[in-house]
Amino acid sequence: MTEIRLRFPPSPTGYLHIGGARTALYNWLYARKMGGKLILRIEDTDTERSSEALAQGIIDGLEWLGIDYDEGPYYQTEFAADHRAAAAKLLASGHAYKCFCTKEELEAKRERALAAKLPLGYDRTCRYLTAEEVAAKEAAGLPSVIRFKVPERQGMLGYDDVVLGRIEADYKEIDDFVIVRSDGSPLYLLCNVADDIRDRISHVVRGQDHMTNTLKQVLLYEALEAPLPVFAHIPLTLDNKKAKISKRSHGEVVSVQFYQEMGFLPWAFNNYLVLLGWSPGNDQEFFSRDELIQAFSLERINKSSAVFNYTKGDAKFFTDPKAIAINEHYLRVMPVEELAPLVEERLRAADIWDAAWATEKRDWFLRVIALIRDRFHTLNDFASLGRAYFAEDYVIEEKPLKKNVLPYPDLKTWLPELADRLAALAPFTAENAEETARRMADELGQKPGVLINAMRTAVTGQLAGPSMFDVLLAIGQDKVVSRLRRIDHLFAV
RNA sequence: GUCCUCAUCGUCUAGUCAGGUCCAGGACACCGGCCUUUCACGCCGGCAACACCGGUUCAAAUCCGGUUGGGGACGCCA
């Protein structure tokens, strides 16, 4: 039985985006499920547009997602000798030929074909050159590329795709594609196959934009006398206008790094991605790592493309609402102990981290996280919306101020009075605090909500939050008292 | 233009291969209710789809043909 080997071959000409990450995820899931290997291969043969920084960004993105690989990263440029050897082999065996047509000539032909609404393929001018003609042109110093000689056969060229089924095309429809540039450097179609053969890749899982490339590559495998891998062409991810998503036209929101910065949980993001083109066949939507590996299968990948449901400028959702919903779900249900270090990271970034929260005050820290996480969307919310729990320089928001404080000028005396009463409490418990607040409201002839909501505004700066008395306990008697006494600045606007 | 390919709620999808159990199920979003000091969470309920036409069949989301629509490829990019 042959080993299961998959690869993720990004080209470092851009950032790791949603589509690429999903492709990596599917490859990873299948490799892990089958007990196979995943290989990371950086396809950097386009030296014009590739950069080491971009390659590193992709590697970092995979690491954040938790997509680990067993071999690599390999860099395709390091295997140039293999690619040239493959090209030489094809030339020697008569599967390829030298083409002396210039870019200008080809461009002119292409223009004419476009205008005449004819097929755009190469007209095979150089395919029928005699050995003498080729020698003469070379002697004259004319530059040439190497083209693959597509066999002239009856019937259909095709392959079996795990996702799409049988894919076929007439041999006549396949162009004599270029495999080596005029400067001698081999091109993607060839390099990719040569590498996959050398790396003994058994399954090629990639986007549907490669469907027609695969037809050509099948020919390459055959000419190179190598066994065909299993192909699985996964659906593309489109935007809500059905256009292919790209960093250029969609910006940050399609890059993996954006989700890292926005405070997504890596696993939540994977969980969202896997559902964009695959389903387990039942209603399960949340998976642990092991569950997903177990449930995943190439056969259940969808045929049709998926839409990344992002609306630019949406006031409520900064990305696909489903992605946010999944992130919220994990934020609420994951063990607090696992969440804590991720929150710590965000608090550190916001410069409000206290080392004691990881040691003697760890219990308190975990309790606060458990208390406030229900209302949050991302990790970043802990440092912004949750700031009052961790720092004194929290922001008093406009809305609660206008709704709960400014309409009641008497709060200027009420809140300090309440502060005094709370300061006198021993023990300081949620029950005692509530009792105190309610009794005072009663004495003032006010509804308890007036005091409670004003307290919330003064103590947390927020319009909403957990049960007020749990909040008081979480923030602590001393801080609550001092925040309530400092009420004047609320009216100073 | 040529070729390849896809088509179920606004979005992600189940159901299609083995036609009846589907006047189509789940999730997100949206709307309403319960809970409540607030807002969430949670729970309950609602809105909402088989692209179209024809054929096969007792019976079609499901099989066949066509139409329309979407996507991809057609590079000395990957």
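Numbers restart at 1 for each chain; the letters A, B, ... are given by sequence-line order, proteins then strands.
Using a 4.0 Å cut-off, some side-chain N or O of A:Arg300 falls inside it from OP1 or OP2 of B:A14. Put simply, A:Asn282 has no side-chain N or O that comes within less than 4.0 Å of OP1 or OP2 on B:U13. In terms of phosphate contacts, A:Arg181 brings a side-chain nitrogen or oxygen within less than 4.0 Å of OP1 or OP2 of B:C77. Taking 4.0 angstrom as the limit, A:Lys303 places a side-chain polar atom (N or O) nearer than this to OP1 or OP2 of B:C6. Dashed line: the shortest gap from a side-chain N or O of A:Thr45 to OP1 or OP2 of B:A78 is under 4.0 Å. Phosphate contact (OP1/OP2 of B:G10, side-chain N/O of A:Asn309, threshold under 4.0 Å): absent.
A:Val145 comes within 4.0 angstrom of a nucleotide base, judged by non-hydrogen atoms across all strands. Using a 4.0 Å heavy-atom distance criterion, A:Arg49 is classed as a base contact. Contact annotation for A:Arg456: base contact, defined as any heavy-atom pair under 4.0 Å involving a base atom. Among the atoms of the strands shown, base atoms are found under 4.0 Å from some heavy atom of A:Glu285. A:His210 comes within contact range of at least one nucleobase, with a heavy-atom separation under 4.0 Å. Residue A:Gly281 is in sugar-phosphate contact alone, with no base atom involved, counting any heavy-atom pair closer than 4.0 Å across all strands shown. Among the heavy atoms of the strands, none lies under 4.0 Å from A:Gly207. Residue A:Lys403 is out of contact with every strand shown, counting any heavy-atom pair closer than 4.0 Å. The residue A:Pro9 sits apart from the nucleic acid: no heavy atom pair falls under 4.0 Å. Counting any heavy atom pair closer than 4.0 Å across all strands shown, A:Lys244 reaches sugar-phosphate atoms only and no base atom. Within 4.0 Å of A:Ser182, counting heavy atoms only, lies at least one base atom of the nucleic acid. Backbone-only contact: A:Ile167 has heavy atoms under 4.0 Å from sugar-phosphate atoms and none from a base. A:Ser467 comes within contact range of at least one nucleobase, with a heavy-atom separation under 4.0 Å. Within 4.0 Å of A:Glu328, counting heavy atoms only, lies no atom of the nucleic acid at all.
Taking the side chain of A:Pro321 as heavy atoms from C-beta on, and the options B:C76, B:U37, B:C28, the nearest nucleotide is B:C28. For A:Glu43, the listed nucleotide lying nearest its side chain is B:A78; candidates were B:U2, B:U37, B:A78. Comparing B:A73, B:A78, B:G25 against the side chain of A:Leu187 picks out B:A78 as the nearest.
A:Arg41 and A:Asp196 are joined by a salt bridge, as a carboxylate oxygen and a charged side-chain nitrogen come within less than 4.0 angstrom of each other. Look at A:Asp320 and A:Lys322 and you find no salt bridge, because none of the NZ, NE, NH1 or NH2 atoms lies under 4.0 Å from a carboxylate O.
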Original post:
So A:Asp209 and A:Lys244, salt bridge (Lys or Arg N to Asp or Glu O under 4.0 Å) or not? Walk me through it.
Top reply: CA-CA 10 Å; A:Asp209 48 346; A:Lys244 204 174 161 183; 3.3 Å; yes

Original post:
When you look at A:Ser185 and A:Arg181, which way does the side chain to side chain donor-acceptor pair (under 3.5 Å) test go after all the steps?
Top reply: CA-CA 5 Å; A:Ser185 59; A:Arg181 294 183 178 91; 3.0 Å; yes

Subject >> Chi angles and distances behind the salt bridge (Lys or Arg N to Asp or Glu O under 4.0 Å) call for A:Glu168, A:Arg166 >> reply: CA-CA 6 Å; A:Glu168 285 186 324; A:Arg166 182 82 187 162; 3.4 Å; yes

Subject >> Candidate pair A:Asn27 and A:His203, rule side chain to side chain donor-acceptor pair (under 3.5 Å), full reasoning >> reply: CA-CA 9 Å; A:Asn27 274 282; A:His203 292 69; over 6 Å; no

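To the nearest whole angstrom, the two P atoms, one in B:G54 and one in B:U11, are 26 Å apart. For the P atom pair drawn from B:A60 and B:G19, the interatomic distance equals 13 Å after rounding to whole Å.
Counting heavy-atom neighbours within 6.0 Å of A:Tyr408 OH, excluding the residue itself, gives a total of 12 or less. Under a cut-off of 6.0 angstrom, the local environment of CD in A:Glu398 is sparse, with at most 12 non-hydrogen atoms contributed by other residues, nucleotides or ligands.
Along RNA chain B, the nucleotide nearest to A:Phe317 and the one nearest to A:Arg166 differ in position, and the one closer to the 5' end is contacted by A:Arg166. In terms of position on RNA chain B, the residue among A:Met156 and A:Arg22 whose nearest nucleotide sits closer to the 5' end is A:Met156.
Aromatic ring orientation, A:His95 versus A:Phe148: parallel (interplanar angle below 30°, classes split at 30° and 60°).
The OH atom of A:Tyr310 sits 22 Å away from the P atom of B:G10 (whole-angstrom rounding). Rounded to whole Å, atom P of B:A73 lies 12 Å from atom NE2 of A:His233. One can place CG of A:Leu157 at 12 Å from P of B:C4, the figure rounded to the nearest angstrom. A straight line from CG of A:Asp160 to P of B:U5 spans 12 Å, rounded to a whole angstrom.
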Using a cut-off of under 3.5 Å, enumerate the N/O to N/O pairs linking the protein to nucleotides 64-70 of chain B.
none

